[in-house]
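Here's the structure, in structure tokens; my notes come after.
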Amino acid sequence: MECLLPESLDISTVLDSTDLYKTWLSEDCALLLDASNVKKVDAAGIQALTSLFLTAKANQTDIQLLRPTELLIEGINTLGLTEILEINH
């Protein structure tokens, strides 16, 4: 299932994002996360995204981050989460 990440992955959207992520995880299918619209990120938003990845992997759900913006890649690299979020460049 292809899922579109919101434009903002930051502290102001963490609660909404967490609810959205729970819905996606309940679908019981591979998750393809389109990150091409992400324009605002902070550590809290990336932590929530990391939690989604860890939960999906723990439940043996395939998950991929597609088309991440440079801003998102920079934040993921800064936090040292490249391996968990499987960012290859």
- [ ] Start with the C-alpha distance between V41 and I76, add both sets of side-chain angles, then the distance that settles side chain to side chain contact (heavy atoms under 4.5 Å, CB included), and finish with yes or no.
- [x] CA-CA 10 Å; V41 298; I76 290 167; over 6 Å; no

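- Put simply, the side chain of V38 does not reach to within 4.5 Å of the side chain of L71, judged on heavy atoms.
- Looking at S26, its side chain does come within 3.5 Å of a backbone N or O of T23 through a donor-acceptor pair.
- Under the 4.5 Å side-chain heavy-atom criterion for Ile, Leu, Val, Met, Phe, Trp and Tyr, V14 and L25 are members of distinct hydrophobic clusters.
- Linking Ile, Leu, Val, Met, Phe, Trp and Tyr residues whenever their side-chain heavy atoms come within less than 4.5 Å leaves Y21 and I11 in two separate clusters.
- Checking side-chain atoms of T50 against main-chain N and O of I46 turns up a donor-acceptor pair under 3.5 Å.
- Judged by distance alone, with hydrogens and angles left aside, the side-chain atoms of T13 form no donor-acceptor pair with the main-chain N or O of D16 at under 3.5 Å.
- Atoms CG and CG, from L31 and D62 in turn, are 9.0 Å apart once rounded to the nearest 0.5 Å.
- Scanning both residues, A43 and L79, for their nearest heavy atoms gives CA-CD1, 3.9 Å.
- Environment of CG in D28: sparse, with no more than 12 heavy atoms of neighbouring residues, nucleotides or ligands closer than 6.0 Å.
- When all heavy atoms are compared, the tightest approach of L9 to S17 is CD2-OG, 4.5 Å.
- Cluster partners of L66 are L32, counting Ile, Leu, Val, Met, Phe, Trp and Tyr whose side-chain heavy atoms approach within less than 4.5 Å, directly or via other members.
- Between the side chains of D10 and S12, at least one donor-acceptor pair of N or O atoms lies under 3.5 Å.
- Considering L33, L52, I73 in turn, L33 is the only one that fulfils the side chain to side chain contact (heavy atoms under 4.5 Å, CB included) rule with L65.
- Taken together through direct or relayed side-chain contacts under 4.5 Å among Ile, Leu, Val, Met, Phe, Trp and Tyr, M1 and I63 form part of one hydrophobic cluster.
- With N59 contributing its side chain and T61 its backbone, the two residues share no donor-acceptor pair below 3.5 Å.
- Not one N or O on the side chain of S36 forms a donor-acceptor pair closer than 3.5 Å with the backbone of R67.
- At a threshold of 4.5 Å between side-chain heavy atoms, the hydrophobic network of Ile, Leu, Val, Met, Phe, Trp and Tyr places L49 and I87 in one connected group.
- Taking both residues in full, the closest heavy atoms of F53 and I84 are given as CD2-O, 3.7 Å, listed atom of the first, atom of the second, then distance.
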Task: Evaluation steps, salt bridge (charged side-chain N to carboxylate O under 4.0 Å, His left out), between K57 and E83 - done: CA-CA 13 Å; K57 290 176 183 179; E83 285 187 31; over 6 Å; no

